[in-house]
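Below is one structure, written out as structure tokens, with a few remarks after it.
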Amino acid sequence: MRKLLPLIGTPSGSHPGGRSALTCRFRCGDACFHEVPNTSDNEYVGDVVAGALSRRSMMRAAAVVTVAAAGAGAAGVAAAPQAEAAAAASAKRPRPQKSARGLRFTPVPPNTRDAVTVPEGYRQNVVIRWGEPILRGAPAFDPERQSAKAQAGQFGYNCDFLALLPLKGERNRQLLVANHEYTDEILMFRDYDPENPTREQVEIAWAAHGLAVVAVEEEHRSGRLTAVGRHHLNRRLTATSEFRLTGPAAGSDLVKTSADPTGTRVLGTLNNCSGGTTPWGTTLHGEENFNQYFAHGSSATDKRYGIGTGATERKWEWFDRRFDLAQEPNEAHRFGYVVELDPYDPDSTPRKHTALGRFKHEAATVRLTHDGRPVVYSGDDERFDYFYKFVSSKRMRHGDSRAARAHNLTLLDEGTLYVARLTGDSPAIEIDGTGKLPKDGEFDGSGEWIPLATATAHGAVSHVEGMTAEEVFVFTRLAGDKVGATKMDRPEDIEPNPVTGKVYVALTNNSRRGVDANPKADEANPRHANKHGHVLELTERFNRPESTRFAWSLFLVAGDPEDPATYFAGFPKDAVSPISCPDNVAFDAHGNLWISTDGSALGSHDGLFGVATRGERRGELKQFLTVPAGAETCGPVVQERRVLVAVQHPGEVDGATVERPASTWPDGPGSYVRPAVVAVWRADGRDIGV
């Protein structure tokens with residue numbers, strides 16, 4: 001193999017959230033530089049929560065001094081007098097000696113190492129890399145002799161969501177399910193010309209997208225995992241595999257194409273970001289930035305979904321007419337859904353559930369009602385867009401019988417789709433943007449789930465004036481606009497806490513807040529351009545997921561703890577790790593929230609963080625690992641004895657190419673940079689963080 005050139009520099013941080021221009025091009029089609037798709041005049045939650053930022057810091061946060069046990073972060077803003085007063089008050093509060101159970105590890109300092117860095121006393125291994133063969137007949141990876149046929153039998157590119165599922169009857173084995181969100185052609189192919197991709201390169205990229213199912217085997221005395229090639233359940237689904245549209249919009253004229261006049265058969269799944277698992281043993285996969293794959297958009301609905309009017313970055317429309325909306329205007333309407341996969345049936349056809357709405361789905365997580373009906377939460381990852389939930393009208397059946405499994409695969413086709421509206425509980429005149437406390441001395445609020453449409457076995461009913469039910473399910477963003485949903489700062493992963501039932505919403509950032517004619521921040525929120533993001537905590541009324549009312553409060557406002565604008569659920573800020581751009585979330589068995597980041601704007605690499613959500617250590621946030629240069633931390637899975645992460649787009653730094661790499665992870669100099677899955681465990685074999 002030809003020797004690669006030395007590493008180039010790290011990202012400049014000039015792009016939103018600290019991302020590189022390369023990430024913006026290939027992951028989301030430069031979404032942050034396009035016109036904001038949502039031009040409605042709905043209330044913007046950034047204006048609602050801005051006061052909470054400084055007021056809760058004044059009331060409950062600790063002194064803004066240094067970040068203990070976490071190294072130096074980015075330069076902070078000088079502490080306000082109110083923050084100094086809060087420091088004195090919090091200093092009197094006795095601090096427990098031990099971290100919350102599950103978080104008892106020495107935090108990893110922020111760093112820029114080209115490696116996965118884990119706490120002292122922990123070990124790691126690469127479980128599986130891009131290109132490793134998982135199907136029978138697939139060849140070993142050879143980056144200089146790639147082919148679409150080979151890639152279709154190999155682990156795909158840029159893994160995101162991960163799930164580890166049990167394998168009954170197979171000792172020490174589990175089933176790993178992974179999303180392959182998108183491809184970095186410039187890091188995959190030597191001498192790649194983005195203006196003139198070849199058909200072979202495009203077909204390899206099609207095969208590198210999609211989903212993977214692969215059995216993994218654990219080493220008995222450690223947490224090490226290794227892939228089991230050629231297992232009978234191993235599977236690859238790509239941009240050309242068959243998927244089935246189900247639910248109220250299936251068969252609609254809005255989703256019919258010349259290749260599929262039935263409107264029920266779709267080739268491929270694209271840009272699968274985060275997802276979820278179901279209590280009935282399937283996995284859910286959110287199609288996110290699908291807009292970037294389609295050329296020549298022209299309609300108002302195309303614009304609302306961020307589809308451009310010109311050619312695409314990858315030029316797929318040169319090789320398949322379905323990616324050219326001038327020729328197939330409905331093809332884009334067949335993407336942007338939640339995909340359900342049965343990983344235990346390698347012959348099954350995955351479903352795209354139209355009842356869960358069409359938008360840039362970031363995750364799809366499930367909680368059951370008291371009578372066994374699934375509720376699915378999902379965010380729309382766009383600046384100033386919304387978050388949603390779907391409440392099924394059908395009950396889950398227990399057991400693994402064929403009848404039970406067939407019934408459960410229909411649970412997400414009937415029910416009601418809702419969008420969230422948030423309201424502050426203090427008069428607007430009291431929220432003057434200075435951080436001054438409102439009269440009630442608190443800053444939180446209430447919310448309602450607004451029904452958009454209901455699907456039944458006999459048809460569907462719209463709850464949005466001027467839109468049919470089919471239009472609501474296909475143009476869900478427009479339905480949210482019409483009913484006055486609350487604009488959010490890029491709603492990403494949304495997940496209910498399995499211990500408390502509270503729901504946590506990761507809001508990654510919003511580079512356009514307060515810019516031009518977009519809604520402004522106020523003085524209580526010193527970050528007009530929300531570089532660091534925040535996490536909301538929702539409590540459904542009576543703690544019932546089917547409720548149409550909820551309470552909300554700020555749980556975490558990300559950034560350098562030395563910045564008085566940050567907030568860590570009231571925990572002393574001199575004892576937390578700096579965090580920026582929360583993205584994917586997960587929970588451990590103790591109810592701690594684990595947060596992976598995407599695009600840290602603090603000058604350090606992205607990582608995985610654990611934070612206590614209850615008890616006397618509530619808000620204590622600790623960094624568990626960091627990822628290599630240019631990478632994003634994805635898909636966290638936190639088991640009792642193992643943490644699993646997807647290291648997505650390592651080396652994705654401005655100016656990087658195969659010939660000029662920004663990272664040589666995971667195999668070192670002289671090799672291609674390869675996205676991969678990593679397992680982390682304690683060297684002594686005990687449970688994580690206890």
Side-chain angles (χ1 to χ4, degrees), residues 96 98-107 118-119 121-124 127 161-168 172-177 216 218 220 222-225 274-281 283-284 363 365-368 374-375 377 493-504 506 535 537 539 543 545 555-556 569 571 582 584-596 607-625 633-646 677-690:
K98 281 188 176 182
S99 294
R101 189 171 178 82
L103 300 178
R104 294 171 186 167
F105 54 83
T106 301
V118 299
Y122 284 76
R123 301 290 183 267
Q124 61 174 294
V127 180
F161 168 74
L162 302 174
L164 275 175
L165 305 175
L167 264 179
K168 294 182 179 178
N172 296 327
R173 286 186 174 180
Q174 299 179 75
L175 203 58
L176 172 67
V177 183
V216 292
E218 58 183 330
H220 180 64
S222 76
R224 179 183 297 271
L225 287 179
S274 191
T277 58
T278 69
W280 52 93
T283 52
L284 302 179
T365 55
V366 180
R367 184 183 175 199
L368 292 177
V375 176
Y377 297 91
D493 212 347
I494 302 178
E495 190 152 342
N497 188 324
V499 176
T500 67
K502 293 181 182 293
V503 179
Y504 292 81
V535 177
E537 182 182 70
T539 305
N543 203 19
F555 175 71
L556 178 81
F571 196 80
N584 298 149
V585 297
F587 288 93
D588 61 24
H590 311 287
N592 300 311
L593 177 68
W594 290 71
I595 305 169
S596 63
L608 179 65
F609 302 76
V611 57
T613 62
R614 58 188 181 136
E616 57 189 5
R617 305 294 289 195
R618 173 177 160 88
E620 181 184 25
L621 181 137
K622 302 172 71 174
Q623 183 155 342
F624 182 75
L625 61 75
T633 320
C634 292
V637 175
V638 185
Q639 299 181 316
E640 288 185 356
R641 296 180 57 192
R642 180 185 299 106
V643 171
L644 210 66
V645 293
V677 177
V678 172
V680 182
W681 65 93
R682 278 180 62 157
D684 61 11
R686 298 178 62 192
D687 288 355
I688 299 292
V690 298

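Computed from heavy atoms alone, side chains included, the values below leave out hydrogens, waters and symmetry copies. One-based numbering along the sequence shown.
Annotation for Thr365 and Glu495: closest pair OG1-CA, 3.6 Å, computed over non-hydrogen atoms. Here the closest non-hydrogen pair linking Thr277 and Ala163 is CG2-CB, 3.7 Å. Between Glu620 and Leu103 the shortest heavy-atom distance is O-CD1, 4.1 Å. Taking each heavy atom of Ala612 and Asn592 in turn, the nearest pair found is CA-OD1, 3.5 Å. The minimum heavy-atom distance linking Tyr377 with Pro545 is given by the pair OH-CB, 3.7 Å. Of all the heavy atoms in Tyr504 and Arg618, the pair that sits closest is OH-NH1, 4.3 Å.
No side-chain heavy atom of Asp588 sits less than 4.5 Å from a side-chain heavy atom of Ile688. You'll find the side chain of Asn497 stays beyond 4.5 Å of the side chain of Leu593, heavy atoms only. No side-chain heavy atom of Leu225 sits less than 4.5 Å from a side-chain heavy atom of Leu176. Side-chain contact check for Val645 versus Val680: every heavy-atom pair is 4.5 Å or farther apart. Taking 4.5 Å as the limit, some side-chain heavy atom of Leu162 sits within range of a side-chain heavy atom of Val677. Pro279 is listed as a side-chain neighbour of Leu368, based on a closest heavy-atom distance under 4.5 Å. Counting heavy atoms from C-beta outward, Leu625 and Tyr122 have side chains that stay 4.5 Å or more apart. Side-chain contact between Arg614 and Thr500: present, with at least one pair of heavy atoms (C-beta onward) separated by less than 4.5 Å.
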| task | Dump the intermediate steps for side-chain contact (heavy atoms from CB on, under 4.5 Å) on Arg682 and Val690, then the final yes or no. | result | CA-CA 10 Å; Arg682 278 180 62 157; Val690 298; 4.0 Å; yes

| message | I'd like to know whether Leu284 forms a side-chain contact (heavy atoms from CB on, under 4.5 Å) with Phe161, so could you lay out the CA-CA distance, the side-chain angles of the two residues, the decisive distance to 0.1 Å, and finally the verdict. | response | CA-CA 9 Å; Leu284 302 179; Phe161 168 74; over 6 Å; no

| task | Take Leu165 and Thr283 through the side-chain contact (heavy atoms from CB on, under 4.5 Å) test and state the conclusion after the steps. | result | CA-CA 9 Å; Leu165 305 175; Thr283 52; 4.0 Å; yes

| said: Set out, in order, the CA-CA distance, both residues' side-chain angles and the distance that settles side-chain contact (heavy atoms from CB on, under 4.5 Å) for Gln639 and Leu164, then state yes or no. | reply: CA-CA 9 Å; Gln639 299 181 316; Leu164 275 175; 3.7 Å; yes

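One distance of note links CH2 of Trp681 with CG of Leu644; it measures 11.0 Å at 0.5 Å rounding. Interatomic distance, NE2 of His590 versus CG of Asp687, reported as 6.5 Å (0.5 Å rounding). With rounding to the nearest 0.5 angstrom, the CG atom of Asn584 is 5.0 Å from the CG atom of Asp493. Phe624 contributes atom CZ, which lies 7.0 Å from atom CG of Leu608 (distance to the nearest 0.5 angstrom).
With hydrogens and angles ignored, the 3.5 Å screen pairs no side-chain donor or acceptor of Thr633 with any backbone N or O of Ser596. Proximity of a side-chain donor or acceptor of Arg617 to a complementary backbone N or O of Ala100 within less than 3.5 Å is not detected. Arg367 places a side-chain N or O within donor-acceptor distance of the main-chain N or O of Gly501, the cut-off being under 3.5 Å.
The pair Glu218-Arg641 fails the salt-bridge criterion, with no side-chain N (NZ, NE, NH1 or NH2) lying under 4.0 Å from an Asp/Glu carboxylate O.
Using modelled atom types, one finds a donor on one side chain and an acceptor on the other under 3.5 Å when comparing Ser99 with Lys622.
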